[in-house]
Amino acid sequence: MKFIHLTDPHITASGSLFEIDVDARLRDAVASINTHHSDAAFAMITGDIAHWGEAGAYARVQEILSDLKMPWYPMIGNHDIRDAYFTGLPDAKSNGAGQACFVVNNDAGAFIALDTLTEGTHAGQIDAAQMQWLDNALSQASGSVFLFMHHPPMLSGIQALDNIRLQNSDELWALLSRHSGKVRHLFFGHMHRSFHGSWNGIPFSTVKSIAHQVVADINQDKPLVSSREMPAYAVVLISSDTVAIHDISYLEEHTAFAYDRENGRPEE
Ligand SMILES: [Fe+2]
C-alpha cells in the first residue's frame, strides 16, 4: 500500500510567502505526485494548510489539491483558522464536533488523524474530549494503526520548535501505552525539515515543508531561523513487515542522471 505525506503548504491568498511562490510549490508537488505516484491510495496533509488563515488561501488550496488523482485529507495546524478551514475546505474530515480528527480505514490498517490546534498559541494540545475520542478509535482498530498529528510530541533539540511542540505529550503517551503495540508509525508536520527517529519505541517521521524550511539550530536557545531550501513530499510504502519512507525533492527532479557503470561517466 502506498500513500503520500505532504505537509505545511502555508498557502496565502496572494500565493506568495517570504518571497517564495508557495502556490507554485504546491502545484508542482501535485504535478509530480500525479506523474510518478498516481497509484497512491491517498495523500495526507499534516497541517498548516494556510499561513494566515484567509478564506482566499483555502480557496487556492481547494482548487490546487482537487487536481490530485487520489483522495486527499487535510489536517489542521497552528497557522490554520478553524472556521475558515472548515468553510474553505468543504470536504475536510472532522469528528462531527468541530475538531479536525478522523479515521481513514484501509487494508493496511487504521489511519488516525488528530487535531492539535489551540487557537491563540502556536503550541499544540489534545483536549480531554479528543483524548477520549482517540481512546475509542484505538479500541476499535483491530490491526495496525498509523497516527497523524500536526505537532510533534517529542523533543527535537531545536529549542524554538520544542517550545511549541505538543504540550501534553505525557498524557498522549499514557493513552498510547494502554494500547501498546498498536501504533506502527507516527507522522507529523510543524518541523519544516527532515526529522525522524523513535519516541517511546514508536517510529516517527516528518518531511520538509512545501513552503519554507527551518534551519537546524540544535541545542541553541535562539529564535527560529527559516530558509528557502527546496521542498519535499514523502512517499510511504506499507507492507506487513515494513514501513518504507522516501522523501522526494520534486523541484530537483531535473538533476537526475544515469551513468555508465563501466567507465563511471554520465550517459549521454
Ligand atoms: Fe508550519
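Just so you know, these numbers use all the heavy atoms, side chains as well, and skip hydrogens, waters and symmetry mates. Numbering of ligands and ligand atoms starts at 1, following listing order.
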* Between F148 and F188, is the ring centre distance below 6.0 Å? -> no

Distance-only donor-acceptor hits, side chain of residues 49-56, under 3.5 Å, sequence neighbours excluded:
residue : atom : partner : partner atom : Å
H51     : ND1  : H10     : ND1          : 2.8
E54     : OE2  : A13     : N            : 2.9

* Assess the pair F187 and H185: is the distance between their ring centroids shorter than 6.0 Å? => yes

* Do any pairs count as a salt bridge (charged side-chain N to carboxylate O under 4.0 Å, His left out) and have a residue in residues 207-225, sequence neighbours left out, and if so which ones? -> K208-E229, D217-K222

* Structure fact -> Contacts satisfying salt bridge (charged side-chain N to carboxylate O under 4.0 Å, His left out) that involve residues 157-182 (not counting sequence neighbours) are D135-R178

* Under 2.8 Å from the Fe ion (ligand 1), how many protein N/O/S atoms can be counted? -> 4

* Asked: Any cation-pi pair here, R261 with Y259, using under 6.0 Å and within 45°?
  -> yes

